[in-house]
Amino acid sequence: MGKVLRLLLGDQLNQKHSWFSKKSNQVTYVLMEVTQETNYVNHHIQKIVAFFLAMRSFAEWLEKEGHQVIYYQLDDRKNAQSFEANLKAIIEEIAIEKFEYQLPDEFRLDQQLKGFANALSIDSEVFDTEHFYTSRYEMKDFFEQKKSKSWLMESFYRHMRKKHDVLIEEGGKPTGGDWNYDKSNRKKLPKNHEPSSPKLYKKEVKELVDQIQEKGIKTIGKIDSSNFIWPTSRKESLDLLDFFVKECLPLFGDFQDAMAEGQWSIYHSRLSFAMNSKMLSPKEVIERAINQWEKRKTQIDISQVEGFVRQIIGWREYMRGIYWAKMPGYEKENQLNHRRKLPDFYWTGRTKMNCMKQAIDQSLDYSYAHHIQRLMITGNFALMANINPSEVDDWYLGIYIDAIQWVELPNTRGMSQFADGGLVATKPYVSSANYIHKMSNYCGNCYYSRTSKTGEKACPFNSLYWNFIDLHLEKWEKNQRMSMMVANWKKQDPKQKEEILTQADYYLKNIEAL
Ligand code: FAD
Ligand code: SF4
């Protein structure tokens, strides 16, 4: 075998990959910190730091294992700041005879590396990342074979549970008797209930932050350079997994949808970065959770563990399936024709709406918000305010530590913004203040009144909700799951309807002042 160059992207940090089971002095691995990746959207500073630290830790591990590694830091003299330019130079410099890479999870990089490999005069080969349960087009094939018109997550999820024998009893029945315990996953956090404090990794990262700033990379959000909190090695990722299954899993399902002031992660795992960078595999995460439940069945109800498993073997793989089935058209979908600019307060947290302030502030502070904050606070508002989904995408893609397009896009454009016309979400995720009050304590400290629809201090979510129903009424009349909302709107007193729409119009015209 001649000399081989193997590229590893920043989200391909899978120590268990079969590439690493053999050592060869003919093989060189390359990892690079490039502005090509930091600048395609404005990222949170913690996100860039997390990826670069995780890559550095991975390169160290490779070297310790006896592999040959080329690692370009951001300010390396030889670093031309793009994959193609760097790869070309290395291939020439060390007389590489074959180029190998792993399937990128992003369409953008997939196209780029395919084009690059095809144009090379040497051989090239692409390998699976050996991370996901499903291959790229497996879910598309699953729904197409079933000739399903709607791609329901639940039917895919049940198929996955059976196929991979996850929480399945003899005879193919689901453990506990039910496939889904979603109904018991909707509790509000009781008044004096203190969730366990999140486990944080307090690392010094000043040097890296300086490197990023010296390169002039534009970032968003805050960072405490002497206390960087995210896991950036396999060891830390395994440790966070251990903390999660012991401390958070017993109440994960119960409070999965709950939100509370000052509690930024409640019982959520915060494992998305460790998984999306592939430091942890979804399989080991699920197995660890089930194993913990098996040991502590008297303390951990099946609903907690099923709620967690569903997110990973269900939603995570489902989103990946949607992405590969629908790209590249998906990133342009805007079936509700929403055009408004994203208000500035998404970038600053300066708003009188307490729920929005809480969700945005913690996103700027930690590069993290949990699912219901993303869906039912910031996403809900953007949808009801008719914000252009491309602007919404850029915000989600930039701000969250775990945001990589394959998972961000179907969640944002599909699930949250209904821009695909209802492929991912069978009805739009919109709500008035009622739901937010039911699931959080945000409304208690708000400038706005959650019970008012009109008037100076009326909660904007209330009039915007009905305005959204009214604006797309024709569409909702054809959607069975929206029939109650449509009927409810239609039967309201015409004068009151007019007042609500006037209030919404005023808020939308003065959106920056909210
Ligand atoms: P937990 O609540 O502890 O859940 C466990 C794991 O399940 C997560 O780590 C994640 O891997 C998986 N998971 C849960 N829900 C989803 C989902 N809907 N889609 C895919 N995986 C899921 N997740 C991302 O990883 N990257 C994103 O860029 C992203 N963008 C989102 C944008 C919007 C508008 C919404 C509504 C959701 C988004 N999600 C995204 C999904 C979800 O919010 C995050 O995965 C989750 O909040 C991460 O926190 P956690 O690790 O504490 O999750
Ligand atoms: Fe949000 Fe309205 Fe509640 Fe204020 S009153 S926290 S704006 S839902």
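Sequential numbering from 1 along the given sequence is applied to the chain's residues. Counting starts at 1 for both ligands and their atoms, following the listed order.
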Determine all donor-acceptor pairs shorter than 3.5 Å in which one atom belongs to a side chain in residues 423-432; sequence neighbours excluded.
{"from": "T426", "atom 1": "OG1", "to": "R481", "atom 2": "NH1", "distance (Å)": "2.4"}
{"from": "S431", "atom 1": "OG", "to": "N380", "atom 2": "ND2", "distance (Å)": "3.1"}
{"from": "S432", "atom 1": "OG", "to": "N434", "atom 2": "N", "distance (Å)": "3.4"}

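Under 4.0 Å from ligand 1, heavy atoms of A403 appear from its side chain as well as its backbone.
Ranking the protein heavy atoms by distance from atom 6 (C) of ligand 1 puts I312 CG1, 3.7 Å first. Considering only non-hydrogen protein atoms, atom 26 (N) of ligand 1 sits nearest to D402 O, 2.9 Å. Protein heavy atom closest to atom 53 (O) of ligand 1, with residue, atom name and distance, is S269 OG, 4.0 Å. At the shortest separation from atom 5 (C) of ligand 1 among protein heavy atoms lies F308 CE1, 3.5 Å. For atom 11 (O) of ligand 1, the nearest protein heavy atom (residue, atom name, distance) is R316 CD, 3.4 Å. Residue, atom and distance of the protein heavy atom nearest to atom 33 (C) of ligand 1 are N411 CB, 3.8 Å. Of the protein's heavy atoms, Q311 CB, 3.1 Å lies nearest to atom 7 (O) of ligand 1. Of the protein's heavy atoms, R374 NH1, 3.4 Å lies nearest to atom 40 (C) of ligand 1.
Side chains of Q304 and W293: no donor on one and acceptor on the other come within 3.5 Å.
Only protein N, O or S atoms were scored, and 1 of them lie under 2.8 Å from atom 4 (Fe) of ligand 2.
Partner I399 forms a side chain to side chain contact (heavy atoms under 4.5 Å, CB included) with one of I220, V41, D394 and no other, that one being I220.
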